[in-house]
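Given the structure is predicted, the values throughout are model-derived calculations rather than measurements.
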Amino acid sequence: MPETTTVRALWDRTRLALLPWTRVPADELHARCLEAVTAAVTVLWGGCDDALLDAPATDAQVHAIVAARTAYGLGWRDAVLGDVAADARAAGLGAGPGGLWAPAGQRNPGRGRAFRPTLRQNLEFFARHPWVTELEHLRAVRCAVEASPADPRAALTSLYRTAWTDRATERLGWDEAAWWQYLYVGELAAWAVVALGLPAQHPADAGTAVEDAAEAVSPYGWTWTGTGLPEGFLDAAFEALGL
């Protein structure tokens with residue numbers, strides 16, 4: 001397999017392509033997506049004035065919004081990543097980080113349904129940029145690494161403590177899943193491996209190792225009532241990554 005299409009090389013290429021977009025605020029990304037989706041459904045519906053937007057929405061209208069959003073997201077991905085996704089598919093390397101390498105046919109966010117009072121509210125809810133979560137992961141890693149570029153342990157400590165603090169302000173439904181899932185511990189670790197230049201050839205596997213470490217150090221039934229990361233997590237994460 002050519003060097004440029006190894007798993008690690010494609011993660012590296014993906015990160016470099018996405019980095020400039022981590023400096024674009026999430027609200028702006030959502031606004032751009034909303035503008036594009038609105039333009040698409042306006043053509044489909046023959047107009048999209050205030051009377052239509054302030055009327056109750058139908059499921060069929062929401063299906064159209066979701067389809068337009070999906071198409072926008074795929075177009076954005078291909079424009080930003082260039083040949084990366086195609087190279088990954090040709091090499092049989094799977095869906096990639098956040099599904100960014102997956103074929104268009106595998107990108108299925110569902111059809112949605114009209115559950116908000118007006119079409120405008122449904123449009124604003126569903127027409128959000130589909131890759132913002134992945135960009136937020138990479139943005140958090142970029143900030144942590146820029147603050148401690150020569151010290152992987154310091155960068156990871158900052159990354160995870162900041163993730164905890166950011167999530168701790170929400171405190172919504174956190175008993176429904178493990179704390180490390182809400183913090184995206186594995187996803188952050190995978191991108192950190194790439195950004196820090198650590199030698200792991202399969203960043204996603206490194207992320208899984210850190211998730212396993214998080215589970216191992218968490219007492220049974222441990223919840224978000226603590227004041228910070230579980231004791232021993234950072235040391236376990238360092239060990240999982242060979243630091």
Side-chain angles (χ1 to χ4, degrees), residues 7-8 11-12 14-15 18-19 21-23 25-27 29 94-101 109 128-243:
V7 173
R8 178 53 185 266
W11 273 80
D12 289 336
T14 299
R15 172 180 168 270
L18 294 178
L19 269 181
W21 293 91
T22 67
R23 301 184 184 278
D27 287 347
L29 292 169
L100 279 161
W101 305 342
R128 297 169 65 82
H129 197 290
W131 304 110
V132 157
T133 298
E134 206 62 35
L135 289 170
E136 288 178 343
H137 296 160
L138 192 50
R139 180 183 296 114
V141 169
R142 174 180 61 77
C143 291
V145 172
E146 286 178 350
S148 302
D151 189 342
R153 286 187 169 222
L156 287 165
T157 298
S158 172
L159 176 65
Y160 285 124
R161 285 180 175 168
T162 299
W164 174 277
T165 300
D166 290 346
R167 291 289 178 176
T169 61
E170 298 175 6
R171 300 275 181 181
L172 298 175
W174 285 3
D175 291 335
E176 297 174 2
W179 68 269
W180 59 86
Q181 293 172 311
Y182 283 107
L183 256 62
Y184 295 102
V185 159
E187 291 85 347
L188 292 174
W191 282 122
V193 161
V194 178
L196 289 165
L198 301 182
Q201 292 304 304
H202 294 269
D205 291 347
T208 299
V210 175
E211 286 185 335
D212 291 344
E215 183 175 11
V217 301
S218 298
Y220 178 77
W222 193 89
T223 69
W224 293 87
T225 56
T227 58
L229 295 165
E231 183 177 355
F233 165 66
L234 289 172
D235 286 338
F238 298 154
E239 182 177 358
L241 296 175
L243 298 174

Would you say Arg15 has more than 12 foreign heavy atoms packed within less than 6.0 Å of its CZ?
-> yes

After noting the C-alpha distance and the side-chain angles of Glu134 and Leu138, does the key distance pass the side-chain contact (heavy atoms from CB on, under 4.5 Å) rule?
-> CA-CA 6 Å; Glu134 206 62 35; Leu138 192 50; over 6 Å; no

Take Leu234 and Leu156, measure what side-chain contact (heavy atoms from CB on, under 4.5 Å) needs, and give me the verdict at the end.
-> CA-CA 8 Å; Leu234 289 172; Leu156 287 165; 5.7 Å; no

With rounding to the nearest 0.5 angstrom, report the [atom1] to [atom2] distance, [X] to [Y].
X      : Y      : atom1 : atom2 : value
Leu159 : Leu196 : CG    : CG    : 9.0 Å
Leu135 : Trp21  : CG    : CH2   : 9.0 Å
Trp180 : Asp212 : CH2   : CG    : 9.0 Å

I'd like to know if the side chain of [X] and the backbone of [Y] have a donor-acceptor N/O pair within less than 3.5 Å.
X      : Y      : answer
His202 : Ala204 : no
Thr157 : Arg153 : yes
Gln201 : Pro199 : yes
Ser158 : Ala155 : no

pair [X]-[Y]: side-chain heavy atoms closer than 4.5 Å:
X      : Y      : result
Arg128 : Leu29  : no
Asp235 : Phe238 : yes
Val7   : Pro203 : yes
Trp191 : Thr14  : yes
Leu18  : Leu100 : yes
Thr133 : His137 : yes
Thr22  : Val141 : no

Any pair counted as ring pair (Phe, Tyr, Trp, His ring centres under 6.0 Å), so long as it reaches residues 139-162, sequence neighbours left out = Tyr160-Phe233

State, to 0.1 Å, how close [X] and [Y] come at their nearest heavy-atom pair, and which atoms those are.
X      : Y      : value
Ala214 : Ser218 : O-OG, 2.7 Å
Trp11  : Pro97  : CH2-CB, 3.5 Å
Ala26  : Arg139 : N-NH2, 4.3 Å
Ala213 : Ala237 : CB-N, 4.3 Å

Applying side-chain hydrogen bond (donor to acceptor under 3.5 Å, both in side chains) to Glu211 and not counting sequence neighbours gives none

How would you list, by chain and number, every residue that makes a salt bridge (Lys or Arg N to Asp or Glu O under 4.0 Å) with Arg142, sequence neighbours excluded?
-> Glu146

Where do Val210 and Leu241 land on the side-chain contact (heavy atoms from CB on, under 4.5 Å) test, with the steps shown first?
-> CA-CA 7 Å; Val210 175; Leu241 296 175; 3.8 Å; yes

